[in-house]
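The structure appears right after this line, and notes come after that.
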Amino acid sequence: NAMLSWQRTAFHFQPERNWMNDPDGPMFYKGWYHLFYQYNPDSALWGNITWGHAVSTDLIHWLYLPLAMVPDRWFDANGVWTGSATILPDGQIAMLYTGSTNESVQVQNLAYPANLSDPLLLDWVKYSGNPVLTPPSGIGSTDFRDPTTAWIGIDGLWRTTIGSKVNKTGISLVYTTTNFIDYELLDGVLHAVPGTGMWECVDFYPVSINGSTGLETSVNGPGVKHVLKASLDDTKMDHYAIGTYFVENNTWIPDDPKIDVGIGLKYDYGRYYASKTFYDQNKERRILLGWINETDTETDDLEKGWSSLQTIPRTVLFDNATGTNLLQWPVEEIEDLRLNSTEFSDVLVEAGTVVPLDIGTATQLDIFVDFEIEVLEAESVNGSVGCGDGATDRSTLGPFGILVLADETLSELTPVYFRVSNSTDGDITTHFCADETRSSKAPEVYKTVYGDQVPVLDGETYSARVLVDHSIVESFAQGGRTVISSRIYPTEAIYGAARLFLFNNATGVNVKATLKIWQLNSAFIHPFPLDQI
Ligand code: DQQ
């Protein structure tokens, strides 16, 4: 269908056809990055959940492999749901995943590769004694899912944590094991936050305070903080907090209880869910994968024959400049897709104007932009905090930013912007936002204004990196402190008709923009030539 084919992306991972959701069991093994994913082999809608499988040597070019696990046993008959890989010191791989049983009870199952010498890990064996865990007493039979990568304590016990809820309190249970077959539930919970509901796809991992390399999942000690992430079934957002893990009493405590899991920070303020990290021992970094779901109708998804994408894999580090948040950044391998670039320096964008940027094709881009405010009015005070009602909502100090996937006449456009606010008491706050409300003329697609606060430190310019890929816009502010993924469906601003602009809708300030913009090549994402093995 030509009407919908332009929505296919060029360098984001997506299956050839049908439905995809959460990333599962990512790992680096014998030269290959492995991505498994929740997949429906039969339809562009969720159901019949199976593990799809793809491999890559660089996290950008992917090769589809045969399905890894299908729902063919009583302990996963209603779906091979989300799970995580643990690579053991002796080289074995323990894959723990949730099965929805023939009676729709959520249980945890163990699987392992049939042949560890196969770098592609084509064949998976489900342990004959599955399930290895059933819902403990006090936990609902459908509130027990998505085991994490395990970590080992100095006591030699492996630990995995599994999200759940008790009434409306989101919790994460911790089990110990020595063999991934027998488990003991630890007293208490790793953490609980009232009012947050069911915690799906919990992730738990260390970050280094000096923030330069990623840490293997079992690392703890001085100079280490721990990130706890939960995907909230209620908000459909991935919420995280940074804190300290006390292995001896099985508890994690947030640095700031006011920005606890589910009430504070989000990985991504756009369309993003069910993410998972893994430690990449190949490049000593922690990599975050996340699912971008659709915002069109199920009818459209069925017509186009596919649903959902994965984000560009991101590195995650602790931001030691702020001490309060993570930094997410596209993996460096994306830079290998760069073609020609165009630079602009100190482009003046006067209050209330739009400036075209002549760069040729604008559907596959890696954009770096820095803005400086030229203060016109001394002591401009602007009480209007937040993203406003979108990019047309003018205030003294913003919004200013770029218009991506815009057509020549600006009949479709997606503004990615900063909105600064300076209160009477001198508190300057900055929001980073993406306004999808005019992104598509298609009437039935969901369009909203996304965004949240971004820390901007003294002496910093307002800086963003924006990846544009046909129908996906991934935007990173201030080196990755605040991130927004947009899923949009332009109908005019496609292929050669897509343009890029600067805009400044502030009423009180001019801005100066400096940019470097690369065209990006397409990635190869196609079936593995299995006959060539
Ligand atoms: N998706 C899986 C569950 C998980 C949910 C089922 C999150 O395991 O809780 O497809 O998107």
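Computed from heavy atoms alone, side chains included, the values below leave out hydrogens, waters and symmetry copies. Numbering of ligands and ligand atoms starts at 1, following listing order. Predicted model only: the values in this text are computed from it and were never measured.
Residues Asp76 and Met69 are not in side-chain contact: their nearest non-hydrogen atoms beyond the backbone lie 4.5 Å or more apart. Between Pro330 and Arg465, some side-chain heavy-atom pair lies under the 4.5 Å cut-off.
Asn167 and Thr169 share no donor-acceptor pair across their side chains, judged by distance under 3.5 Å alone. Ser308 and Asn293 share no donor-acceptor pair across their side chains, judged by distance under 3.5 Å alone.
Protein residues having a heavy atom under 4.0 Å from any atom of ligand 1 are Asn21, Asp22, Gln38, Trp46, Trp81, Thr82, Arg145, Asp146, Glu200, Cys201, Tyr273, Ala274, Trp291, listed by chain and number.
Note: Ile162 CD1 to Thr148 OG1 = 7.5 Å, rounded to the nearest 0.5 Å.
Applying the ring pair (Phe, Tyr, Trp, His ring centres under 6.0 Å) test between Phe36 and each of Tyr97, Trp81, Trp51 identifies Trp51 as the sole match.
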